[in-house]
Amino acid sequence: MARLNQIGIALSSERDLDKLLSTILSEARKFTSAEAGTLYSVEGDKLRFLVTQNDALDQLDGRGAYPISTPGQSMPLSRESMAGYVALTGEVINLPDVYAIPPDRPYRFNSEYDRLDGYHSQSMLMVPMTEPDGTILGVLQLINALDGAGQVVPFESRWEGLVMSLASQAAVAIRNVRLTDELKAAYLDTVLRLSVAAEYKDHDTANHIRRMAQYSAVIAEELGLDAQQVETLRCAAPMHDVGKIGVPETILQKPGKLTEQEYDEMKRHTEMGASIFEGSDAPVLRMSGTIALTHHEKYDGTGYPRGLRGAEIPIEGQIAALADVFDALSTARCYKPAFPVEKCLEILRESAGSHFNPEVVEAFIRRLHDILAIRERYASAQALR
Ligand code: C2E
Ligand code: SIN
Ligand code: SIN
Ligand code: FE
């Protein structure tokens, strides 16, 4: 029980779904001395293999991954398979020998997996991964319980309840990770749509925002910011220019050079952006405010709106500045053509110490490979999906 509680706490704090699932499966196997096991998730009318573990096959050839049951593969969700039966009915299957299933059962064992793996399945325990509301998210399968001498024995029925409660904790954890992912996706989608609305006059704004956020995250990672800060920055950076919602369209869209007066008006997008986020308690929105305010400051103090210098400029603003300018240089704007990457790099290098913090420029150049991959990925003018 104590061990189960410990596992529960570990599971509820795990954010990496793959790691989480592997832990659930290996803990269930440890409790029952199972040589092998698989986790399946229900996805529409399919059952997908999430994780497969098999000590015997690992020892044989160290492959660690098996032909059919490779993670990502799926099989139809049907009552005729054992896993499908458990997923559809919520019943537990506990068999001493899967090659001797009583004929009155609706399911049968698919020995194809054994044949392909060169493995012999005998005893098997399959339990549903059930959420508190009864929704079945998947199936936990344990194969070949071993006794002290390494002989295959049946799974003792007293383990069933324990394995089921582990599987249910897994279901809750999976749901939490999915909810977090959904929330994050919805948040980013909202941000993109609102930012496009703010700058709807600019062409290809959605991709500019995507690229700029990803560039910022890569630079931050290279500078050694912790994973949490990198994620916050990735979510915060897209809103750097929302203050442009207050800049007249005639200025935003002007094909040629801005007059001094027009440029002054454009500069106000920094403070207008900051005022949109003012007073928020959410870390992401606070950072958005900081970035909106400081992404046009320059390292030598000649930027706007405050003329901050060096370390007075928050690091997220310094990073966003470089990401923003690289994107402005490397793509076409209504007032300028796209420059070749070489020329962009030349401009960035020349601006190290004046416009940009030299360390930020160096981090950017060290990760150029990743930067260019992002540029490639979000190159075309694609609509929001
Ligand atoms: P943006 O187009 O996103 O440009 C962001 C920043 O990239 C600029 O900030 C500037 O630091 C850098 N940048 C852009 N083009 C070049 C370039 O050809 N050479 C160099 N060295 N740097 C470049 P900045 O200047 O404060 O401008 C802020 C925003 O004001 C721009 O955002 C754009 O929306 C607008 N803007 C700036 N200049 C003009 C212009 O001449 N005509 C028009 N229509 N808009 C302009
Ligand atoms: C099944 O019949 O549900 C799957 C059999 C297996 O994975 O070994
Ligand atoms: C599976 O079919 O789900 C895996 C069984 C094995 O590892 O052989
Ligand atoms: Fe800006």
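Scope of the values below: all heavy atoms of this structure, side chains included, with no hydrogens, waters or symmetry mates.
Between the side chain of Glu80 and the main chain of Tyr107, no donor-acceptor pair closer than 3.5 Å is present. Proximity of a side-chain donor or acceptor of Arg79 to a complementary backbone N or O of Leu88 within less than 3.5 Å is not detected. Side-chain N or O atoms of Ser123 include one that pairs as donor or acceptor with a backbone N or O of Ala145 at under 3.5 Å. Asp327 places no side-chain N or O within donor-acceptor distance of the main-chain N or O of Met212, the cut-off being under 3.5 Å. In this structure, Thr290 contributes its side chain and Arg286 its backbone to a donor-acceptor pair below 3.5 Å. Judged by distance alone, the side chain of Gln318 and the main-chain N or O of Tyr299 form no donor-acceptor pair under 3.5 Å.
Taking 4.5 Å as the limit, every side-chain heavy atom of Gln122 sits out of range of all side-chain heavy atoms of Pro154. The shortest side-chain heavy-atom distance between Leu179 and Leu183 does not fall under the 4.5 Å cut-off. Side-chain contact between Tyr187 and Val284: present, with at least one pair of heavy atoms (C-beta onward) separated by less than 4.5 Å. With contacts defined as side-chain heavy-atom distances shorter than 4.5 Å, the pair His269/Ile245 does not qualify. A 4.5 Å side-chain heavy-atom check between Leu95 and Arg105 finds at least one atom pair inside the cut-off. Asn54 has its side chain out of reach of Asp117: every pair of non-hydrogen atoms, C-beta onward, lies at least 4.5 Å apart. Two residues are said to be in side-chain contact when any heavy atoms from C-beta on lie closer than 4.5 Å; Val86 and Tyr40 fail this criterion. Side-chain contact between Thr232 and Glu316: absent, with no pair of heavy atoms (C-beta onward) separated by less than 4.5 Å.
The minimum heavy-atom distance between Arg234 and Ala217, with the atom names listed, is NH1-CB, 3.4 Å. Across all non-hydrogen atoms, the minimal contact from Gly353 to Asp300 is O-CB, 4.0 Å.
Counting heavy atoms of neighbouring residues, nucleotides and ligands inside a 6.0 Å radius, atom NZ of Lys254 exceeds 12 of them. No more than 12 heavy atoms of other residues, nucleotides or ligands sit less than 6.0 Å from atom CZ of Arg309. Counting non-hydrogen atoms of neighbouring residues, nucleotides and ligands closer than 6.0 angstrom, the CD atom of Glu359 reaches no more than 12 such neighbours.
Tyr304 and His296 have parallel rings, their planes meeting at less than 30° on a 0 to 90° scale where 60° marks the start of perpendicular. Aromatic ring orientation, His295 versus His240: perpendicular (interplanar angle above 60°, classes split at 30° and 60°).
Each of Leu142 and Leu146 belongs to its own hydrophobic cluster when Ile, Leu, Val, Met, Phe, Trp and Tyr are linked at side-chain heavy-atom distances under 4.5 angstrom. The cluster map of Ile, Leu, Val, Met, Phe, Trp and Tyr, joined by side-chain heavy atoms under 4.5 Å apart, puts Val152 and Ile93 in different clusters. Hydrophobic cluster membership differs between Ile291 and Ile313, with clusters built from Ile, Leu, Val, Met, Phe, Trp and Tyr side chains linked at under 4.5 angstrom. Transitive grouping of hydrophobic side chains (ILVMFWY, heavy atoms separated by less than 4.5 Å) brings Leu25 and Val92 into a common cluster. Hydrophobic clustering (side-chain heavy atoms under 4.5 Å, transitive across Ile, Leu, Val, Met, Phe, Trp, Tyr) keeps Phe326 apart from Tyr335.
A salt bridge links Asp189 with Arg193: at least one charged nitrogen is closer than 4.0 Å to a carboxylate oxygen. With respect to the salt-bridge test (charged N to carboxylate O, under 4.0 angstrom), the residues Arg306 and Glu312 do not qualify. Ion pairing of Arg349 with Glu346 is absent here, as no side-chain N (NZ or NE/NH1/NH2) approaches a carboxylate O to less than 4.0 Å.
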Run the salt bridge (Lys or Arg N to Asp or Glu O under 4.0 Å) check on Arg268 and Glu271 step by step: do they pass?
-> CA-CA 6 Å; Arg268 293 183 49 232; Glu271 280 161 323; over 6 Å; no
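In terms of the salt bridge (Lys or Arg N to Asp or Glu O under 4.0 Å) criterion, residue partners of Asp370 (sequence neighbours excluded) are, by chain and number, Arg367. With sequence neighbours excluded, the residues that form a side-chain contact (heavy atoms from CB on, under 4.5 Å) with Asp226 are Gln228, Gln229.
For Ser41 and Glu43, the side-chain atoms include at least one donor-acceptor pair closer than 3.5 Å.
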